[in-house]
Student: 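Please read through the structure below; I'll follow up with questions.
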Number of protein chains: 2
Amino acid sequence: MALEYAILVSLLEKPGSGYELARRFDRSIGYFWTATHQQIYRVLKRMEGDGWIEVREVAQEGRPDKKVHSVTPQGHRALADWLREPVEPATLRHGLAVKVRGAAFSDPADLIGEVERHRAAHSARLEEYLTGEARDFPDPASLDDGAALVHVVLRGGIEYERMTLAWLDEVLAVLHRIRAGRAES
Amino acid sequence: MALEYAILVSLLEKPGSGYELARRFDRSIGYFWTATHQQIYRVLKRMEGDGWIEVREVAQEGRPDKKVHSVTPQGHRALADWLREPVEPATLRHGLAVKVRGAAFSDPADLIGEVERHRAAHSARLEEYLTGEARDFPDPASLDDGAALVHVVLRGGIEYERMTLAWLDEVLAVLHRIRAGRAES
DNA sequence: TCCTGCTATGCAACGAGTTGCATGAACAAG
DNA sequence: CTTGTTCATGCAACTCGTTGCATAGCAGGA
């Protein structure tokens, strides 16, 4: 399980509360590993029990107190160990691919709207990435080590979205062709 | 949940036993939706209860009897309904991306072997896809509707692997550059 | 004033997915 | 003759992930 480690990375980048972590998992780190606040709170508790993180209660004005978590040396070591361990090459689960294959047993034209919906979502995601890249990495040629690593991960996201958009266009072309072929017969 | 529907698609392509389905989920359909035999047997039972599939016991020589499942008209309808429903745009969980970001807090050179391992796995997967494409779609220009849909899904797999390989090479370049920079200081 | 929304944490229950194990018959390799 | 592999189905126990709900203070707008 990688959630523990995703949390360690995020807390090393900047300590924070469970709530703040949940926000980050809606953005940045969340683009590559998703988690809800429930999972996060549960795992934080376990990690605290394991001595990977420590908690400091911080009183705030105008809002509830929060528990700020930070990584202990043991936690840091656990992350370093995990980096050296092999990790399973990402099982992908692509519901849309299942639908495309299923379309052969139904009316393929029914899928066009759905594919366009996905296209719009991926297009928006690509824009987000590109905006973030322009903002955070205006000069990609001169980055320190940490920034270079964050940047290359973002570059992966960008290329993934571009590839996906191109594929969705291919799918749409096939669906339109099938519809045209059926209309004329 | 899409497992039911992935099973429906697979059984519409060809009826089969739970065991045979489990084999298929190691290949073809499994490239886009994974499942273990446990999940499959459990879901098959539920689907039978819902009247989506029907079971016929087939005696075999030299091996245990099997229960061949096939899709009922209700199951077919359930699939058609699902195709029209929106499906969540695939949450991706990329453990390697988490590791790359984590490498900033450890020795990035430790990751090189791991990234190369992934590169080899994706390279092998790409070869599989290309072999399959050459075998099953020697003339992609003239395909019937069903084959065109299967082919476009496979094309997605191919482009995904190509994109991933290019990204892994970028990651390796960054890791090597960091290692070189640290060695000289 | 009331309602909505944000920050902040958490419980309880459920459903999805994994792991380990068991059974039992056939066949091939050593 | 034993061991390992494939075919074939399944139980039990567990972890992971999701959903719904609860609480509670404060801010801002209708």
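We name chains A, B, ... by the order of the sequence lines, and we start the count at 1 in each one. Note that the coordinates shown come from a computational prediction; the quantities given were computed from them, not determined experimentally.
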Student: Using the ring of each side chain (for Trp, its six-membered ring), is B:His37 parallel, tilted or perpendicular to B:Tyr41, with breaks at 30° and 60°?
Tutor: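 Geometry flag for B:Tyr41 against B:His37: perpendicular rings.
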Student: To the nearest Å, how far apart are B:Phe25 CZ and C:dT18 P?
Tutor: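 Interatomic distance, CZ of B:Phe25 to P of C:dT18: 12 Å.
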Student: B:Asp144: what forms a side-chain hydrogen bond (donor to acceptor under 3.5 Å, both in side chains) with it, not counting sequence neighbours?
Tutor: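 side-chain hydrogen bond (donor to acceptor under 3.5 Å, both in side chains) check on B:Asp144 returns nothing, list empty.
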Student: Cation-pi check, B:Arg23 to B:Tyr19: give yes when NZ or CZ is under 6.0 Å from the six-membered ring centre and within 45° of the ring axis, no otherwise.
Tutor: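 Yes, a cation-pi geometry holds between B:Arg23 and B:Tyr19.
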Student: Whole angstroms only, please: what is the CD-P distance between A:Glu20 and C:dT9?
Tutor: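 Interatomic distance, CD of A:Glu20 to P of C:dT9: 8 Å.
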Student: What is the distance, to the nearest angstrom, from the CD atom on B:Glu57 to the P atom on D:dA8?
Tutor: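 For the pair B:Glu57 CD and D:dA8 P, the rounded distance is 13 Å.
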Student: How long is the line joining CG of B:Asp65 and C1' of C:dA26, in whole Å?
Tutor: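 That distance rounds to 13 Å.
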Student: Rounded to whole angstrom units, what separation is found between the NZ atom of B:Lys45 and the C1' atom of D:dG10?
Tutor: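 One finds 7 Å between C1' of D:dG10 and NZ of B:Lys45, rounded.
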Student: Can you tell me how far apart CG (B:Asp107) and CG (B:Leu175) are? Round to the nearest 0.5 Å.
Tutor: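 Nearest 0.5 Å value for the CG-CG distance: 9.5 Å.
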Student: Which residue, A:Leu3 or B:Gln60, contacts DNA chain D at a nucleotide closer to its 5' end, judged by nearest heavy atom?
Tutor: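 Result of the comparison: B:Gln60.
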Student: Figure out the CD1/C1' separation between A:Ile40 and C:dG10, and round it to whole Å.
Tutor: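 My rounded result for the distance is 13 Å.
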Student: I want to check one thing: is the phosphate of D:dT9, taken as OP1 and OP2, less than 4.0 Å away from some side-chain N or O of B:Tyr41?
Tutor: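 Result: yes.
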Student: Can you check nucleotides 20-25 of chain D for protein contacts, nitrogen or oxygen pairs under 3.5 Å, and list what you find?
Tutor:
from	atom 1	to	atom 2	distance (Å)
D:dG20	O6	A:Gln38	NE2	3.2

Student: Side chains of A:Ser70 and A:Arg56: is there a donor and an acceptor less than 3.5 Å apart?
Tutor: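 No - no donor-acceptor pair under 3.5 Å links their side chains.
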Student: Which residues pass the ring-ring contact (aromatic ring centres under 6.0 Å, His included) test with B:Phe137, not counting sequence neighbours?
Tutor: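 Once residues adjacent in sequence are excluded, the partners of B:Phe137 under the ring-ring contact (aromatic ring centres under 6.0 Å, His included) criterion are B:His151.
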Student: Any chance you could pull the hydrophobic cluster mates of B:Val58, using side-chain heavy atoms under 4.5 angstrom and chaining through other members?
Tutor: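 Result for B:Val58 is B:Val68.
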Student: Output one line per pair: protein atom, nucleotide atom from nucleotides 13-16 of chain D, and distance, for all N/O pairs under 3.5 Å.
Tutor:
none

Student: Mapping B:Arg23 and A:Ala35 onto DNA chain D by nearest heavy atom, which one lands closer to the 5' end?
Tutor: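 Mapping each residue to its closest nucleotide by heavy atoms, the 5'-most match is B:Arg23.
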Student: Just compare C:dT7, C:dT19, D:dA8 and give me whichever is closest to any side-chain atom of B:Thr36.
Tutor: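 Among C:dT7, C:dT19, D:dA8, the one nearest the side chain of B:Thr36 is C:dT19.
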Student: How many whole angstroms separate atom CG of B:Asp26 from atom P of D:dT6?
Tutor: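 So the two atoms are 12 Å apart, to the nearest Å.
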Student: Could you list the residues that satisfy ring-ring contact (aromatic ring centres under 6.0 Å, His included) with A:Tyr5, not counting sequence neighbours?
Tutor: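 If we apply the ring-ring contact (aromatic ring centres under 6.0 Å, His included) test to A:Tyr5, skipping adjacent residues, the hits are A:Trp52, A:Trp82.
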Student: Examine D:dG17: is either OP1 or OP2 under 4.0 Å from a nitrogen or oxygen in the side chain of A:Thr34? Give yes or no.
Tutor: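 Checking A:Thr34 against D:dG17: no side-chain N or O falls below 4.0 Å of OP1 or OP2.
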Student: Only one of B:Lys66, B:Lys67, B:Glu57 passes side-chain contact (heavy atoms from CB on, under 4.5 Å) with B:Ser17; say which it is.
Tutor: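 Among B:Lys66, B:Lys67, B:Glu57, the one that satisfies the side-chain contact (heavy atoms from CB on, under 4.5 Å) with B:Ser17 is B:Lys66.
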Student: Specify the separation, in whole Å, of atom CD1 of B:Ile7 and atom P of C:dA16.
Tutor: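 Taking atom P of C:dA16 as the reference, CD1 of B:Ile7 is at 12 Å.
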Student: Counting only side-chain nitrogens and oxygens, does A:Tyr19 get under 4.0 Å of the OP1 or OP2 atom of C:dT7?
Tutor: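 Result: yes.
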